[in-house]
Amino acid sequence: MNTYDILIVGGGIIGSSIAFELSQRNLRVAVLDRQEFMREASWAAAGMLSPAPDCPAAIPLVPLGRASLALYAGFVAGIEEASSMRTGYCAGGAIETLCHGDAERELSTLVALHHGLGLACEPLPLDDALEMEPALGREVRAAALLPDEATVNTRRLTAALLAAAENAGVALMPGVEATALVRDGDRCTGVKTSVGKTFSAAHVVFAAGCWTGQIPEVASYAPTVPVRGQMAALIHGGKPIRRVLRSERGYIVPRDGANPQMVVVGSTLERAGYEKGVTSGGMEKILSAVNELVPELAGAEIVETWSGLRPGTPDQLPILGPTDINGLLIATGHYRNGILLAPATAKLIAEWITERRISSNWEEFSPLRFARETTDRSAGAS
Ligand SMILES: Cc1cc2nc3c(=O)[nH]c(=O)nc-3n(C[C@H](O)[C@H](O)[C@H](O)COP(=O)(O)OP(=O)(O)OC[C@H]3O[C@@H](n4cnc5c(N)ncnc54)[C@H](O)[C@@H]3O)c2cc1C
């Protein structure tokens, strides 16, 4: 029987987190993915849990990011308990460094911006920064400590989340691609799929990452675009790196405290269509940035390189919540923050489905903002 209370399209961190959250509310939940689960952006991510905005467009996202970070310890505890697996969650903080220009003035601006947004951020004298992170290079001219930031090992988290969802009774269906909506008047009642079966549900949630915008009838609510990011994993035997180190040009995320230690480094922001791939230019950009930050990494072994496609949106904000087709919801467009935003997204979508009540301000993320634009454009053209 292919009938469920909730049907989720897309088995990345967003779809799977929503499924796990809803399974705790005694609902029959199924997740479809056109390939193996967790093989796209969620697998590729560095795993920084940072609500700090990386550009002015990301400022409206800060309250949701802070709310999600506050949920994280409970989110991973629930997953670890249900899966008996570890997620590598570490609330160790991050150090933001400034290596160029008028670093002292930029540091004051950075600290003031963070405080204005309610984010903890302390200027860090360079001697203190070097004591905390002896591997930092001498090119660093100013630094700030972001004590509330955390990291998670995305490969472990995604594996544990899938096991937790399955143990909680979620039906996981790899190799099933959603190809179209099934509608009954103004209601969405399910999806048609590539395997010839139709799946029915009271609520259908599209969480298909950067591909959400490729699905007919869903595209007008979720005009997602892929934004490629390249990454590398390095093993080094130098001074241990204890927390996330970031500069204007790149970042280093420790994966363990072992010696030799594994770190992951990134990343690029590229409009390369749906082409994944690692390029010499991309690696050069990342490695020159991290070697400036921690010169000892120049001797590290590159053990893996990869890339992933972030789900970008026209206004760089996520697309969350119900559409004006009854029973159809969207949860995508998390761009650079989907790992951070998974707990808040799952809570918000589950609240909407089960209580028709939302405990946070989601309207600026509504899928209707794009559908209205499409309608306005067609009205203007006619
Ligand atoms: C290099 C890189 C570094 C990043 N670092 C961080 C970070 O440090 N912190 C952070 O918070 N975020 C980070 N991100 C962003 C984060 O990875 C994404 O925002 C997040 O993974 C998006 O999750 P998702 O579930 O929406 O999409 P995905 O993980 O891409 O999953 C979408 C799924 O939908 C499936 N699908 C697509 N179409 C269909 C269909 N028609 N039918 C069925 N299934 C379908 C796909 O196969 C896929 O499995 C990073 C991303 C990249 C690429």
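Indexing begins at 1, ligand by ligand and atom by atom, following the structure's order.
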Please work out which of Ser42, Ala342, Gly10, Gly12 has its closest non-hydrogen atom nearest to atom 23 (O) of ligand 1.
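Shortest heavy-atom distance from atom 23 (O) of ligand 1: Ser42.
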
Do you know which of Val170, Leu22, Ile349, Thr354 makes side chain to side chain contact (heavy atoms under 4.5 Å, CB included) with Ile6?
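Of the listed residues Val170, Leu22, Ile349, Thr354, the side chain to side chain contact (heavy atoms under 4.5 Å, CB included) partner of Ile6 is Leu22.
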
Tell me the protein heavy atom at minimum distance from [atom], and give that distance in Å.
atom                    : result
atom 13 (C) of ligand 1 : Arg336 O, 3.2 Å
atom 26 (O) of ligand 1 : Ile14 CG1, 3.5 Å
atom 41 (N) of ligand 1 : Ala178 O, 3.0 Å
atom 8 (O) of ligand 1  : Met48 N, 2.9 Å
atom 35 (C) of ligand 1 : Asp33 OD2, 3.3 Å
atom 43 (C) of ligand 1 : Arg34 N, 3.4 Å
atom 50 (C) of ligand 1 : Ala45 CB, 3.6 Å
atom 36 (N) of ligand 1 : Ala208 CB, 3.9 Å

Which of the numbered atoms in ligand 1 are below 4.0 angstrom from a heavy atom of [X]?
X      : result
His334 : 19 (O)
Ala46  : 3 (C), 4 (C), 5 (N), 6 (C), 8 (O)
Ile215 : 41 (N)

Might you work through the side-chain hydrogen bond (donor to acceptor under 3.5 Å, both in side chains) test for Arg369 and Thr313, ending with a clear yes or no?
CA-CA 12 Å; Arg369 70 189 190 275; Thr313 62; 4.6 Å; no

Apply the salt bridge (Lys or Arg N to Asp or Glu O under 4.0 Å) test between Glu133 and each candidate in Lys239, Arg242, Arg243; give the one that qualifies.
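One option only clears the test, and that one is Arg243.
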
Does a donor on one side chain sit under 3.5 Å from an acceptor on the other, for Thr97 and Arg141?
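No pair is found: no donor N or O on one side chain lies under 3.5 Å from an acceptor on the other.
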
Contact check, Val176 vs ligand 1, heavy-atom distance below 4.0 Å
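Yes.
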
